[in-house]
Protein chains: 2
Amino acid sequence: MSAGTKDQPNVTPEVQASDEAPQRGNAARVAKTRGKIFGAVISSLDAVGYSECSINRVQTLAGVSRGALTHHFPSKEEMMVKTLEHLLAPVRGPARPGDEATMLRHADEAATLQEELHLLWRRVINTREGRALMEILVAARTDPALSARITPSLHIYNDDFNRNIANLYQASAGHEDELALLWSICRSFMRGLHTQVPYERDPKIITKMVDLFGRIMAPHLSARRPQGETDEEPV
Amino acid sequence: MSAGTKDQPNVTPEVQASDEAPQRGNAARVAKTRGKIFGAVISSLDAVGYSECSINRVQTLAGVSRGALTHHFPSKEEMMVKTLEHLLAPVRGPARPGDEATMLRHADEAATLQEELHLLWRRVINTREGRALMEILVAARTDPALSARITPSLHIYNDDFNRNIANLYQASAGHEDELALLWSICRSFMRGLHTQVPYERDPKIITKMVDLFGRIMAPHLSARRPQGETDEEPV
DNA sequence: ATCGTAAAACAGAACGTTCGGTCTGTTCAA
DNA sequence: TTGAACAGACCGAACGTTCTGTTTTACGAT
């Protein structure tokens with residue numbers, strides 16, 4: 001369904017070796033296969049939603065056999081849990097020192113909070129990955145087993161997220177303890193936007209909403225002066 | 001699954017006669033059956049989500065036969081479309097003059113915008129009906145046929161919504177044209193909250209978020225003095 | 001007033017399809 | 001040569017739809 005899923009898998013292969021280390025197996029082959037599967041799951045979630053993201057569809061889209069899929073992910077639940085963790089990984093922070101930091105750090109391109117939120121919307125939330133994540137979150141709400149599996153990951157992600165923003169942003173004076181809350185509000189707003197985009201007559205409305213929201217939030221949330229940055233930027 | 005779905009159907013029976021007029025049929029019986037079905041659909045959507053809201057489940061939960069269900073809703077898509085319209089109806093405004101107005105009108109109980117938003121969250125968004133609506137919206141995003149069916153209803157609902165808030169609220173001076181945008185932001189934020197509630201360790205966080213959000217929005221959005229009220233309140 | 005009849009409302013069996021999970025083989029790398 | 005990686009057939013269950021029958025209601029003719 002998506003454009004050119006076969007030609008440009010759109011997944012980051014050969015870079016996934018951060019998972020449980022396969023002591024014996026062929027690491028490169030595993031990473032490639034899992035990468036293809038992750039890409040297919042994400043594309044399917046974005047294109048047809050959680051319930052239609054079937055084993056058969058993923059298998060076909062990824063171009064792998066049923067056996068390969070089953071070997072890596074014994075159940076659909078396992079497939080979704082691992083896909084979620086795959087989606088959360090790049091936002092949690094730099095895997096190794098020197099890697100690009102959290103997706104929040106657009107400070108070099110965005111001067112104002114409004115611009116920052118626009119970038120967040122365009123590059124993180126309103127993407128295939130962002131919509132796929134949304135599908136998993138919504139599905140897990142009514143799936144106790146899935147919910148139980150992903151909740152710990154989400155808590156860890158949330159803690160990492162809050163730790164990262166503490167270095168990059170600050171709340172207005174007198175409300176320093178509200179920083180995490182403020183960013184939770186931003187994220188909630190943008191997740192909610194997901195359910196408005198498909199039904200909005202004028203796409204510009206979405207941009208206007210992000211813009212106005214940024215203007216409203218700006219007095220309460222500002223970027224830190226580049227200061228906690230110097231200690232770790234050899235590149 | 002839900003508590004006492006059989007004892008207190010929790011649907012508004014005998015009040016649904018607003019649909020395409022059944023020239024011949026038995027209006028009361030139809031309303032009762034459709035009411036039971038709507039209640040079962042809403043409960044199922046809330047409890048198990050869109051994909052698990054199967055015909056079999058609804059049929060059993062509603063206590064009606066397969067034939068009755070099929071008769072009223074020839075397809076699952078039709079069932080969902082009609083359920084959505086059923087969910088949207090009470091928010092669109094008073095069906096007849098004298099009926100209770102839109103769900104937005106808590107002005108008599110809520111003094112501040114914060115209290116108003118809390119009530120909106122507790123009584124409209126974070127309810128079985130609110131979560132059911134969310135499930136349909138999310139499902140329709142990846143279901144073109146369903147999306148095409150519900151989009152007109154959503155547009156009408158949106159227009160009615162904006163018309164209603166224009167009588168009840170006003171944007172801050174100098175930004176009168178932003179009223180609809182401001183409320184869209186509020187709704188987006190609260191819809192996004194749906195995807196955070198199940199995974200939040202401390203439920204109080206949600207309350208705090210609604211509270212802080214209300215505090216941030218308050219300078220931009222205020223209730224109109226009771227003035228456009230007198231022309232239509234004989235009760 | 002009541003009876004006949006057509007249509008709506010309801011009941012439930014049966015359909016083919018697709019689902020996720022399981023199973024037995026085969027290939028590849030160490 | 002061993003075990004991980006992969007391949008593909010197979011299973012019972014559940015899905016949404018379609019179908020034929022039965023009951024109930026409305027209403028004009030008698």
Side-chain angles (χ1 to χ4, degrees), chain A residues 13-14 16-17 19-38 40-41 44-45 48-83 136 139 142-143 145-146 149, chain B residues 13-14 16-17 19-38 40-41 44-45 48-83 139 143 145-146 149:
Chain A
E14 330 246 340
Q16 186 54 20
D19 240 339
E20 294 82 11
Q23 296 88 344
R24 298 289 301 276
N26 183 342
R29 191 156 68 132
V30 169
K32 186 177 176 184
T33 302
R34 290 173 70 103
K36 284 196 290 187
I37 295 173
F38 282 142
V41 172
S44 291
L45 285 173
V48 298
Y50 187 91
S51 63
E52 302 296 320
C53 181
S54 65
I55 307 277
N56 281 322
R57 176 181 287 271
V58 170
Q59 168 200 175
T60 304
L61 195 59
V64 302
S65 71
R66 186 59 160 275
L69 215 165
T70 301
H71 175 72
H72 289 287
F73 309 104
S75 68
K76 184 178 178 182
E77 181 185 309
E78 190 70 21
M79 188 173 78
M80 291 302 174
V81 170
K82 289 290 161 54
T83 300
I136 296 178
T142 52
D143 185 336
L146 182 59
R149 293 288 313 276
Chain B
E14 329 246 340
Q16 187 55 19
D19 238 338
E20 295 83 11
Q23 295 90 344
R24 299 291 300 276
N26 181 345
R29 190 154 71 131
V30 168
K32 186 177 174 184
T33 302
R34 289 172 71 105
K36 285 196 290 186
I37 295 173
F38 281 143
V41 171
S44 291
L45 285 172
V48 298
Y50 187 90
S51 63
E52 302 297 319
C53 181
S54 64
I55 307 280
N56 280 322
R57 176 180 287 271
V58 169
Q59 167 199 181
T60 303
L61 195 59
V64 302
S65 73
R66 190 57 159 273
L69 217 165
T70 300
H71 174 71
H72 288 288
F73 308 105
S75 68
K76 184 178 178 180
E77 181 184 309
E78 190 69 20
M79 187 172 78
M80 292 302 174
V81 170
K82 288 292 160 55
T83 299
D143 185 335
L146 182 59
R149 292 288 312 277

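Letters A, B, ... mirror the listed sequences (proteins, then strands); counts begin at 1.
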If the cut-off is 4.0 Å, is [X] near the phosphate of [N], judged by side-chain N/O to OP1 or OP2?
{"X": "A/N56", "N": "C/dC19", "value": "yes"}
{"X": "A/T70", "N": "C/dG21", "value": "no"}
{"X": "B/S65", "N": "C/dC10", "value": "no"}
{"X": "A/H72", "N": "D/dC6", "value": "yes"}
{"X": "A/H71", "N": "D/dC6", "value": "no"}
{"X": "B/S54", "N": "D/dC15", "value": "yes"}

Verdict with supporting geometry, B/M79 and B/H72, side-chain contact (heavy atoms from CB on, under 4.5 Å): CA-CA 8 Å; B/M79 187 172 78; B/H72 288 288; over 6 Å; no
Give a yes or no on whether a donor-acceptor pair under 3.5 Å exists between the nucleobase atoms of C/dT18, that is its base, and the side chain of A/R57. no
Starting from [atom2] on [N], measure out to [atom1] on [X] and report it in whole angstrom.
{"X": "B/R34", "N": "C/dA8", "atom1": "CZ", "atom2": "C1'", "value": "13 Å"}
{"X": "B/K76", "N": "D/dC15", "atom1": "NZ", "atom2": "C1'", "value": "9 Å"}
{"X": "A/F73", "N": "D/dA5", "atom1": "CZ", "atom2": "P", "value": "12 Å"}
{"X": "A/L69", "N": "C/dT22", "atom1": "CG", "atom2": "C1'", "value": "14 Å"}

Would a 4.5 Å heavy-atom cut-off, applied to side chains only, mark A/M80 and A/C53 as touching?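 Of all side-chain heavy-atom pairs linking A/C53 with A/M80, at least one is under 4.5 Å.
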Can you tell me which residue among B/T33, B/N56, B/I55 is in a side-chain contact (heavy atoms from CB on, under 4.5 Å) with B/L69?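 Answer after filtering B/T33, B/N56, B/I55: B/I55.
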Could you check B/R29 against B/E52 and say which one's nearest nucleotide on DNA chain D is further toward the 5' end?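 The residue closer to the strand's 5' end, by nearest nucleotide, is B/E52.
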Between B/R149 and B/E77, is the closest basic N to carboxylate O distance under 4.0 Å? yes
